[in-house]
Amino acid sequence: MLTVRIIPCLDVRGGRVVKGVKFKGLRDAGSPPDLAAEYERQGADEITLLDVSATPEGRGTALETVRAVRERLALPLTVGGGVSTEEHAGALLDAGADKVGVNTAAVRRPALLEEMAARFGCQCTVIAIDAAARQDGGWEVVALSGRERTGLDAVAWAREAASRGAGEILLTSWDRDGTKSGYDLDLIRAISTEVEVPVIASGGAASAGHMVEAVRAGADAVLAASIFHYGETTVADLKRIMADSGVEVRT
Amino acid sequence: MMEVVVIRTGTANIASVLAGLRRAGAAPRVSSDPLDVQAARMAVLPGVGTVSAAMERIDGAGLADPLRRRLSAGRPTLCVCLGLQLLAGGSEESPGVEALGVVPGTATRFSGGVRVPQLGWNRVEAGEGCRLLRDGHAYFANSYKLDAAPEGWCAATSDHGGRFVAAMERGSVLACQFHPELSGAWGLDLIGRWLEAGGEAPC
């Protein structure tokens with residue numbers, strides 16, 4: 001049986017890990033290879049690296065960062081942030097990524113998912129969905145790091161992305177991101193029951209309790225960033241508590 | 001340091017395989033030259049994607065026969081993920097495509113209400129008599145699998161909607177459905193044991 005994965009997320013800009021609230025107000029949290037190696041030591045199951053620089057110069061730096069992290073890491077590495085072409089995804093894989101996440105570019109041109117899945121396999125192709133709750137219920141996909149509302153229904157988009165070849169969904173609640181108020185459980189429930197592919201819960205985690213709730217709501221993996229970077233908790237501590245709650249984790 | 005030829009089959013996560021080999025103490029070199037595949041003391045066949053895409057590359061580069069020869073002769077070879085399925089006759093994923101056919105059988109898709117692809121860490125149980133494989137947790141990224149190990153191979157199994165072949169070994173040939181290079185210290189130790197066994201095996 002698969003164990004539940006805990007995935008520390010490194011938001012990287014200019015070769016450094018940064019973290020903000022609702023994608024704004026970024027502050028420095030350390031060196032990507034150092035943090036990745038430390039999280040592997042703590043028992044992390046996977047690392048996600050998001051390039052939040054979104055500039056051409058930032059792109060080159062991000063490739064260097066991926067190479068540096070890869071040399072220190074014997075865990076799966078997912079890389080995303082501004083990926084818009086199959087070539088860009090290929091460059092990230094060559095640099096040391098095992099999976100590539102796409103977001104805005106796939107919303108604009110969904111065929112990108114088919115192209116990536118055909119070339120690299122669906123297990124390499126991750127659809128990152130940023131979802132914001134709608135006033136009248138349901139969730140809407142937001143693009144461009146939350147700056148653009150797309151009008152797209154998040155559940156329908158998850159279904160479509162999976163059918164086009166995405167092998168995993170990185171599901172971020174835009175409302176909860178950085179707030180430490182817990183994952184959006186209704187969102188996780190709505191999407192994990194609609195697709196066959198695994199779902200990673202993201203946005204709002206502050207405790208092992210939040211992670212247990214997400215797993216019970218249907219998440220296959222839980223992602224968090226700031227709680228790890230500033231020493232509030234460790235992966236090992238979270239896993240101990242989750243195991244005590246009856247969640248299968250790798251120890 | 002042991003030189004290991006990593007066979008370029010297309011767009012595998014080759015950087016991770018190389019990093020894993022270096023950390024396990026080997027000196028890896030990437031090649032798609034049939035002469036290298038034939039001559040190398042130790043070789044790695046990585047693979048992600050589909051059987052048809054990988055076989056197209058392998059056939060196109062003239063690698064199928066050198067690969068079959070070295071695998072049938074039991075020369076030290078590590079097959080990773082899709083690399084294991086390529087040993088079989090074919091896969092449900094790519095009907096009509098002939099894989100290497102070194103062992104009988106066809107890879108089938110996971111079923112039984114589980115997540116597909118299988119992405120994550122699963123418990124591996126090594127069968128009796130395995131020399132390289134041990135119990136532990138390994139990282140998998142696959143939608144297809146072999147249901148049973150062929151005769152003459154010692155298998156480790158896992159469960160994802162039913163038992164499947166997590167890895168199998170015969171002499172110095174080790175084929176892993178999981179990614180040893182992404183399976184932390186446990187995976188690097190396994191690569192280390194394979195390197196050691198291959199270094200000692202008669203050529």
Side-chain angles (χ1 to χ4, degrees), chain A residues 1-7 40-41 43-47 66-78 86 89-100 116-126 162 166-169 192 195-200 218 220-221 248-251, chain B residues 8 10-24 30 47-54 81-82 93 109-111 113-123 136-144 158-162 178-191:
Chain A
M1 207 180 100
L2 284 179
T3 58
V4 169
R5 286 170 282 158
I6 295 188
I7 308 176
E40 177 173 345
R41 198 191 59 76
D45 297 299
E46 187 170 326
I47 299 291
V66 171
R67 276 187 207 106
V69 169
R70 180 77 278 160
E71 280 311 311
R72 302 270 301 276
L73 188 70
L75 296 179
L77 175 64
T78 302
E86 200 185 318
L92 290 168
L93 290 169
D94 278 344
D98 302 293
K99 300 188 260 188
V100 174
M116 284 176 58
R119 179 145 158 212
F120 311 117
C122 67
Q123 79 294 326
C124 267
T125 306
V126 179
E168 188 165 53
I169 296 173
S192 66
V195 293
E196 190 185 33
V197 303
V199 173
I200 302 167
D220 301 279
E248 283 254 11
V249 290
R250 176 182 68 106
T251 49
Chain B
R8 189 179 276 284
T11 47
N13 61 336
I14 212 154
S16 301
V17 174
L18 296 175
L21 285 165
R22 278 194 290 269
R23 288 180 69 186
V30 178
V48 298
T50 64
V51 166
S52 70
C81 194
L82 187 69
E93 187 181 24
R109 194 168 194 270
F110 284 115
S111 57
V114 291
R115 295 277 187 211
V116 185
Q118 170 183 222
L119 284 175
W121 296 76
N122 207 330
R123 174 95 197 144
H137 279 99
Y139 179 80
F140 291 84
N142 61 309
S143 299
Y144 294 80
S158 295
D159 197 295
H160 191 57
F178 54 79
H179 287 271
E181 78 280 11
L182 303 179
S183 295
W186 182 88
L188 295 181
D189 285 349
L190 175 61
I191 295 174

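Letters A, B, ... mirror the listed sequences (proteins, then strands); counts begin at 1. Side-chain atoms are counted along with the backbone in the values below, which use heavy atoms only and exclude waters and symmetry mates.
Heavy atoms of A:Ala97 lying under 4.5 Å from chain B belong exclusively to its backbone. Looking at A:Ala95, the atoms closer than 4.5 Å to chain B (heavy atoms on both sides) all sit in the backbone: N, CA, C or O. With a 4.5 Å cut-off on non-hydrogen atoms, B:Leu188 touches chain A through its side chain but not through its backbone. In this structure, chain B has heavy atoms under 4.5 Å from both the backbone and the side chain of A:Arg70. Proximity to chain A is limited to the backbone of B:Ser183, based on heavy atoms less than 4.5 angstrom apart. Heavy-atom distances place both the backbone and the side chain of A:Glu196 under 4.5 Å from chain B.
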Practice prompt. Give the C-alpha distance, both sets of side-chain angles, the deciding distance and a yes or no for side chain to side chain donor-acceptor pair (under 3.5 Å) between B:Arg123 and B:Ser158.
Written response: CA-CA 6 Å; B:Arg123 174 95 197 144; B:Ser158 295; over 6 Å; no
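Looking only at side-chain heavy atoms (C-beta outward), A:Cys124 and A:Val100 stay at 4.5 Å or farther from each other. Between A:Leu2 and A:Asp220 there is no side-chain heavy-atom pair separated by less than 4.5 Å.
Options B:Val116, B:Asp159, B:Asn142 differ in how many heavy-atom pairs under 4.5 Å they form with chain A, and the most are formed by B:Val116. Per-residue heavy-atom pair counts under 4.5 Å with chain B were compared for A:Ala117, A:Gly121, A:Gly167, and the maximum is reached by A:Gly167.
Taking the six-membered ring for Trp and the full ring otherwise, the centers of B:Phe178 and B:Tyr139 sit at least 6.0 Å from each other.
Checked for salt-bridge contact, A:Glu40 and A:Arg72 miss the test: no charged N lies under 4.0 Å from a carboxylate O.
No donor-acceptor distance shorter than 3.5 angstrom exists from the side chain of A:Arg67 to the backbone of B:Ala15, with no hydrogens or angles considered.
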